[in-house]
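Below is one structure, written out as C-alpha cells; the observations come after it.
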Amino acid sequence: MPVGVQAPEASPGRYHRRRDDDDGNGNDCSDVLGVDVLDEGADPFDIPAKRASVERLRRWRQAALVLNASRRFRYTLDLKKEEEKEQIRRKIRAHAQVIRAALLFKEAGQKHDVDRELPGLANLLKTNTEKGVHGDEVDLACRANAFGANRYPRKKGRSFLVFLWEACQDLTLVILIIAAVISLVLGIATEGIKEGWYDGASIAFAVFLVILVTAVSDYKQSLQFQHLNEEKQNIQVEVIRGGRRIEVSIFDIVVGDVVALKIGDQVPADGVLVSGHSLAIDESSMTGESKIVVKDHKSPFLMGGCKVADGYGTMLVTAVGLNTEWGLLMASISEDNNEETPLQVRLNGVATFIGIVGLSVAAMVLIVLVARYFTGHTTNPDGSIQFVKGQTSVKSTIFGTIKILTIAVTIVVVAVPEGLPLAVTLTLAYSMQKMMADKALVRRLSACETMGSATTICSDKTGTLTLNQMTVVRSVVGGIKLKSPADIENLSPVVSSLILEGIAQNSSGSVFEPEDGSPIEITGSPTEKAILSWGVELHMKFAEEKSKSSIIHVSPFNSEKKRAGVAVIVDDSDIHVHWKGAAEIVLALCTNWLDVNGISHEMTPDKANQFKKYIEEMAEESLRCVAFAYRNLDLNYVPNEEERINWELPDNELALIGIVGMKDPCRPGVRNAVDLCKNAGVKVRMVTGDNLQTARAIALECGILTDSQASQPVIIEGKVFRAYSDAEREAVADQISVMGRSSPSDKLLLVKALKKKGNVVAVTGDGTNDAPALHEADIGLAMGIQGTEVAKESSDIIILDDNFASVVKVVRWGRSVYANIQKFIQFQLTVNVAALIINVVAAISSGNVPLNAVQLLWVNLIMDTLGALALATEPPTDQLMKRPPVGRKEPLVTNIMWRNLFIQAVFQVTVLLTLNFRGRDLLHLTQDTLDHANKVFNEFNSRKPYELNIFDGVSRNHLFLAVVSITVVLQITKDQLHLHLHLHLCDCACPSDQNYQL
C-alpha cells in the first residue's frame with residue numbers, strides 16, 4: 001500500500017505572465033500540466049503538488065481499481081476536455097490574430113490622429129475622457145442595455161438528476177439491481193407475492209438509498225465549487241466616474257467607462273488608450289505570443305484579458321462581454337475546479353490496494369459458498385439441506401445461486417472503498433468554504449493539503465505584518481528636521497514648489513476634491529496615499545499643481561530599482577526630472593542638496609553621513625523612509641516623441657530635496673499569530689524591500705526576532721544573499737529570519753534554497769514581480785487587497801484581507817484536511833477488516849454469511865458516504881497547532897492509527913462472531929447478527945485518533961452529530977421494519993417454531 005507523500009517537484013525557474021490555462025507561449029494547458037519527469041519505476045500514485053505531467057496523470061488513472069469511473073474521476077482533470085479547450089483557444093486566437101493583422105494593414109495605409117479622434121469617440125459614447133461617465137444607476141443601466149454587460153454566459157451546473165444518473169453507473173450496484181429483480185421474480189414465483197417480495201425489494205431499496213445519499217452529497221459539493229469559481233473571477237477594477245476614482249467589479253464595467261490601469265492589472269474589456277506612461281501590455285493570453293507590446297497613441301487599441309506588464313495609464317472602454325475576443329474565449333472554455341491533489345491520488349492507491357484484497361476475499365467467499373451449496377453442506381435455518389442433487393428444483397437452485405452471487409457482489413461493494421478518494425474532495429470542499437469565511441480564497445485544491453506540511457512562511461512586511469495604513473510622521477526638508485511633517489513656513493517658495501511638483505507629478509495616485517465641500521478623497525497605493533496626504537497638508541492643490549507643468553516621460557516604480565521618476569516641462573522650456581524612492585538608494589544618487597532657501601550645495605561626505613543618520617533614526621522607529629530629489633535638464637537632451645519610448649530618465653547628479661518617514665503600525669494580533677506558528681514548528685521569515693533597520697524594528701515588534709538575534713545571517717540584506725554562491729545560499733537559508741532591501745529575485749533565490757534544504761515553503765506576495773517566487777513556492781499566497789492580478793494568478797491561495805493571521809488560519813485548515821482524511825481512513829479500514837473477516841470465517845465454517853446483501857449495503861452507506869460526511873467535516877482544533885508539520889513522506893496510516901484499528905477490529909470481530917455462533921444461547925433467541933452500535937461507536941472513536949477523550953469538542957460539530965443521529969434513526973427504522981416483516985412471516989409460515997430467525 002502506498003504510504004509516502006510525494007514532495008512537490010521543483011518548479012521551473014522561469015515565469016510566464018498568463019492565465020491558469022496558458023503557459024505564456026501559446027501552449028494552453030492547465031497549471032497542473034507541466035514538465036515533471038516521469039520515472040517508470042516510481043509509484044504511479046505519487047504525483048507532485050504542482051504541474052504534474054499528462055503522462056503521470058494518465059498513469060495513475062490506469063493503475064486505479066475503479067467500479068464507477070464517472071463518479072471516481074468527476075473531480076479530477078478531464079484530459080480529453082482539456083484538449084478540446086485547447087482547440088477552441090487556438091481558433092479564437094487565430095481570429096484575434098486576423099483582426100490584429102487587418103488593423104496593422106489598415107494603419108499602414110493611413111495615419112490616424114488619435115488625439116483628434118478620441119474626443120469624437122468619447123462624444124459618441126456620451127462620456128468624458130477625464131471624468132468618465134456620470135455613474136448614476138440610470139446611466140449605467142442604459143449603457144448595459146445598449147451595449148451589453150461585461151459578462152459571458154457560463155455553462156450551467158449539472159442538475160441533481162445528472163448526479164443521480166452518475167451514481168447509478170456503479171457496476172456493482174447495477175449487478176445488485178439485476179440480482180434484486182431476479183430475486184424478486186423468483187421469490188414471488190416460489191413463495192407468492194405476500195412473502196416472496198421481501199429479499200428482492202430489500203436489496204433494491206438499499207441500493208436506491210445508497211444511490212440517493214451519494215447523489216445528494218456529490219451535488220452539494222458541486223454547488224460549493226460553483227460558488228468558489230464565481231469568487232475567483234470577480235476582479236476589482238479602478239474606474240473614473242463623475243471625476244472620482246472608485247473600485248467596481250469587473251462585471252459592472254460598461255461601455256464609456258474610463259478605466260485606470262497600472263502594472264499587474266488585467267485589462268477588463270476592449271478599449272482605446274486615453275493616456276499612458278511607459279504602458280506595456282502582455283497580450284499572450286489572447287494572441288499566444290509572449291511578446292510585450294508598448295501602447296501609445298500610435299498603437300492605442302487594448303484587448304480585454306491581457307495584463308499590464310509595465311507603466312500606467314487610462315483607457316476608454318469600447319466593447320464588453322461577448323462583444324470582445326476575451327468574452328468569446330471565456331464563454332467557450334468555462335472554467336472548472338477539476339484537479340487531482342497528491343493526497344487524492346494517494347488515496348486512490350490505498351483504495352486500489354484495499355479493493356484488490358476485497359476482490360480476492362469476495363472471490364474466495366463465492367467459491368466456498370458455491371462449493372458448499374452444490375455439495376449439500378449448506379442448510380436452511382430449520383436444519384434441512386438447501387440443495388439435494390436430483391431433488392431440488394431448477395427454480396430453487398437459481399434462487400440459491402443468485403443469493404450467493406448477491407452476497408459476493410455486495411462484499412465487493414463494501415471492500416472497494418470508492419468513497420475514500422472522494423472523501424478528500426468532500427473535506428477540501430468543506431474546508432474551502434470555511435476558509436472563505438476566514439478570508440482565504442483557494443485557487444488550487446492541492447494548496448489546502450500542502451499547507452498542512454508547511455515548515456516555513458516567507459512573509460512580506462507591508463500590509464501583511466503591518467496594517468498598510470501609512471502616514472508621514474517625520475520629515476527632513478532643506479537639510480533640516482521639521483518640527484512637524486507639514487511645517488514648511490521656514491522654507492523658501494523654490495523648495496516648496498519643487499517638493500509639491502514632485503509629489504503631484506511623480507505619483508500614480510489621485511486626489512479628488514468634491515465641489516460640495518465634502519472631505520478630500522485620495523486614491524493610490526498606501527505609500528502614494530501617505531505622500532499625497534502629506535502634500536495636502538502642505539496646502540497642495542492637486543489639479544492646480546498638475547496643470548502647472550506637463551509630463552513628457554515617466555519611469556514607473558518597480559521593486560527592482562525601488563524608485564520612480566518623471567520628467568516634466570515647465571514654461572515650455574525648463575525640464576525638471578523628479579525622483580522618489582528608497583531613501584538610501586536615492587541619497588546615493590545625489591551629488592547636491594537644497595537648503596531651506598533653495599540654494600544648491602555639494603553633497604560632502606559629512607553631509608551625506610548626516611542624512612544617513614536621519615534615515616537610520618527614522619528606521620529605528622520602524623518608519624519607511626522615502627527621499628525626494630530632482631535635477632534640471634536641458635531641453636536639447638530630451639529625445640523627440642518617437643525616440644522617447646525607450647528613453648532612460650537620467651538619475652545622476654541629483655539634488656536632494658527632502659526625506660520623509662512613514663509609520664505603518666503592526667497588525668493587532670500578529671505577534672500571537674507568529675507565536676502560534678513557532679509552537680506549530682513553522683518558522684516565520686520576513687522578506688521586505690525596506691531597509692534593514694526598519695525591518696529589524698518591525699521583526700522585533702512582531703516576535704519574529706529576539707534582541708539576541710541581530711547579526712548576519714539571521715538578518716541579511718538582499719544584495720548580500722544574492723552575491724552568495726548556490727552552496728552558500730543553501731548553507732545560510734535556514735538561519736535567515738529577516739531579509740531587508742530584497743528584490744523579487746532575492747525572494748525567489750531564498751525560496752529555491754529553502755526547498756533544496758527540504759523545507760515546504762509558503763510565500764506571500766503582492767507585486768507583479770513576486771510571481772516567480774509565488775510560482776516556485778510549494779504554496780503561493782497572494783494578497784487580495786494590494787495584490788496585482790498577475791500575482792493572484794500565479795498564486796495558490798489569495799489572502800483576502802492581506803492579514804498574516806489569516807495565513808496562520810490557512811495552516812490550521814491545511815492540517816485539518818490531513819487529520820480528517822486520517823480519521824476517515826481509520827474508520828473505513830476498521831469496518832472493512834471487520835466485515836471481511838466475519839464473512840470469510842462464517843462462510844468457511846458454516847456455509848452461511850451473517851451479513852446479508854441488505855446489511856452489507858447498509859454498512860457501505862454508513863462507511864462510504866455518511867462516514868465521510870461526518871468525519872471529513874471536522875473543524876480544525878487548537879491541538880493541531882501544537883504538533884509539528886505533517887511530513888510529506890509521512891505514512892497515511894500511522895502507528896497510532898494501526899493500534900486503534902487493531903483494537904476496534906478485534907472488538908467488533910469478537911462481538912459479532914460471538915453473536916453469530918453463540919447468539920442464541922446468550923440471548924435466548926435468534927438475533928440479527930449485525931450489531932450496528934459498533935459502527936456508530938467506531939465513528940466517534942475515529943474523531944480523535946491521537947487522543948483518549950474522543951468526545952472532546954463533539955458538540956461543536958453539528959454536522960457530525962446530525963449524521964450520527966440520522967444513522968441511528970435509520971438503523972432503528974430498518975431494524976423495526978426487519979422485525980415486523982419477519983414476525984409477520986413467522987406467524988404465517990411457522991407459528992410453532994420459536995427459533996425462527998428474526
Side-chain angles (χ1 to χ4, degrees), residues 1-9 32 36-77 79 170 338-362 412-428 445-446 448-450 452-453 817-833 836 863-864 867-868 871-872 886-895 897-898 901:
M1 179 171 66
V3 293
V5 179
Q6 168 70 34
E9 300 278 337
V32 297
D36 69 297
V37 180
L38 179 63
D39 182 1
E40 292 298 329
D43 182 355
F45 297 104
D46 249 346
I47 68 166
K50 285 186 174 183
R51 297 171 297 281
S53 65
V54 176
E55 290 76 16
R56 199 172 270 203
L57 298 181
R58 284 201 181 102
R59 188 178 172 191
W60 81 257
R61 286 164 170 78
Q62 294 165 356
L65 175 66
V66 180
L67 299 179
N68 186 351
S70 63
R71 180 170 182 247
R72 177 79 76 86
F73 297 140
R74 178 187 299 129
Y75 294 112
T76 58
L77 191 70
L79 301 179
D170 192 316
N338 295 350
E339 167 200 356
E340 47 258 65
T341 71
L343 186 56
Q344 192 177 25
V345 176
R346 288 182 67 205
L347 285 175
N348 270 286
V350 175
T352 298
F353 175 82
I354 298 170
I356 291 170
V357 174
L359 281 172
S360 304
V361 170
V412 175
V413 174
V414 176
V416 181
E418 289 284 276
L420 193 55
L422 293 175
V424 180
T425 310
L426 180 61
T427 191
L428 287 174
L445 285 174
S446 58
C448 282
E449 61 193 48
T450 309
S453 301
V817 167
Y818 200 88
N820 287 351
I821 295 304
Q822 285 189 314
K823 296 169 190 176
F824 183 58
I825 291 173
Q826 178 180 307
F827 174 68
Q828 188 157 59
L829 286 180
T830 307
V831 179
N832 270 97
V833 171
L836 293 178
M863 184 174 69
D864 259 11
L871 293 172
V886 179
R888 288 190 292 191
K889 295 189 181 293
E890 185 175 313
L892 282 172
V893 184
T894 63
N895 292 334
M897 291 171 67
W898 281 120
L901 191 155

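One is the number of the first residue; the rest follow in order along the sequence.
Here the closest heavy-atom approach between residue P891 and residue Q822 is recorded as O-NE2, 4.0 Å. The shortest heavy-atom contact between V886 and S453 is O-OG, 2.8 Å.
To the nearest 0.5 angstrom, L428 atom CG is 7.0 Å from I821 atom CD1. Interatomic distance, Q826 CD to T894 OG1, rounded to the nearest 0.5 Å: 8.0 Å. In this structure, the separation between CG on L901 and CZ on F827 is 11.5 Å, given to the nearest 0.5 Å.
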